[in-house]
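Reading through the structure tokens given below for one structure.
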Amino acid sequence: MKIALDFDDTYTCDPEMWDTFIDMAIAKGHDIRICTFRKTTMRDPALDRLAEKIPVIYTGYIQKRLFTNKMDWFVDVWIDDSPEFIVDTDGFLMRG
């Protein structure tokens, strides 16, 4: 399973719990990555530490699903306090 975990106000609300979750996901063979709306210039010591364990995706203010799909990483489960940053609005346009 491909799991995208948000950083700000998700991971940061309880790093110890999410570290345990990340370890469990890795042990079960899941592909878990941090997916943040931040730009790559917006570094954080906790993000740098996480990057030693799992990939960190910086979308640079691009909607997360659009960004990850363009990199051919199709997420099964999103964990995010701000789902509006995930949605690919182009995918929701109704066709007449």
Side-chain angles (χ1 to χ4, degrees):
M1 185 171 17
K2 294 177 182 166
I3 304 168
L5 175 61
D6 176 52
F7 181 73
D8 293 297
D9 297 324
T10 302
Y11 176 87
T12 58
C13 285
D14 194 342
E16 185 178 333
M17 180 195 75
W18 289 117
D19 286 340
T20 300
F21 180 85
I22 290 167
D23 290 341
M24 288 174 46
I26 292 169
K28 295 280 190 176
H30 300 296
D31 181 359
I32 184 166
R33 304 178 189 192
I34 295 292
C35 187
T36 180
F37 205 59
R38 291 177 179 222
K39 294 181 177 184
T40 55
T41 57
M42 301 169 70
R43 309 297 285 196
D44 182 281
L47 276 170
D48 292 338
R49 181 182 56 78
L50 280 165
E52 294 174 6
K53 181 185 262 189
I54 60 173
V56 174
I57 301 167
Y58 293 85
T59 69
Y61 302 134
I62 296 171
Q63 287 181 304
K64 294 176 179 184
R65 184 184 310 272
L66 178 65
F67 192 91
T68 57
N69 285 356
K70 284 187 178 184
M71 58 184 279
D72 289 326
W73 192 63
F74 301 96
V75 176
D76 299 306
V77 176
W78 295 92
I79 303 171
D80 200 307
D81 69 304
S82 298
E84 63 273 17
F85 294 140
I86 298 168
V87 178
D88 172 9
T89 53
D90 290 341
F92 284 90
L93 293 177
M94 298 195 62
R95 299 174 196 252

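These numbers were taken from a predicted model, which means no experiment stands behind them.
No side-chain heavy atom of T12 sits less than 4.5 Å from a side-chain heavy atom of D44. Using a 4.5 Å heavy-atom threshold, the side chains of F21 and I32 count as touching.
Between the OH atom of Y11 and the CD1 atom of I22 there is a distance of 5.5 Å, given to the nearest 0.5 Å. The line from CG of L47 to CZ of F7 is 4.0 Å long, rounded to the nearest 0.5 Å. Rounding to the nearest 0.5 Å places CD1 of I57 at 6.5 Å from OG1 of T68. Atoms CZ and CG, from R38 and D6 in turn, are 9.5 Å apart once rounded to the nearest 0.5 Å.
Here the closest heavy-atom approach between residue M42 and residue Y58 is recorded as O-CE2, 4.3 Å. Shown here for K64 and F37, the closest heavy-atom pair between the two residues is CE-N, 3.7 Å. The heavy-atom pair separating E84 from Q63 by the smallest distance is O-NE2, 3.5 Å. Nearest approach of Y61 to K39, heavy atoms of both residues: CE1-CE, 3.1 Å.
Between the side chains of T10 and D80, no donor-acceptor pair of N or O atoms lies under 3.5 Å.
The hydrophobic clustering, which links ILVMFWY residues whose side-chain heavy atoms are closer than 4.5 Å, places I3 and W18 together. No single ILVMFWY cluster, assembled from side-chain heavy atoms under 4.5 Å apart, contains both I79 and V87. Put simply, M17 and L50 are part of the same group of oily side chains (I, L, V, M, F, W, Y) that touch within less than 4.5 Å, one to the next.
By the neighbour-count criterion of 12 heavy atoms within 6.0 Å, atom CE of M24 is sparsely surrounded, having that number or fewer from other residues, nucleotides or ligands. Residue K70 places its NZ atom among 12 or fewer non-hydrogen atoms of other residues, nucleotides or ligands, all under 6.0 Å distant.
Every residue two or more places apart in sequence or in another chain that forms a side-chain contact (heavy atoms from CB on, under 4.5 Å) with A4 is listed here: C35, W73, V75, W78. For D72, the side-chain contact (heavy atoms from CB on, under 4.5 Å) partners at least two apart in sequence or on another chain are F74.
Sequence neighbours left out, the pairs with a member in residues 10-34 that pass salt bridge (Lys or Arg N to Asp or Glu O under 4.0 Å) are D19-R49, D23-K53, D31-R33.
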Take L5 and I54, measure what side chain to side chain contact (heavy atoms under 4.5 Å, CB included) needs, and give me the verdict at the end.
CA-CA 11 Å; L5 175 61; I54 60 173; 5.8 Å; no

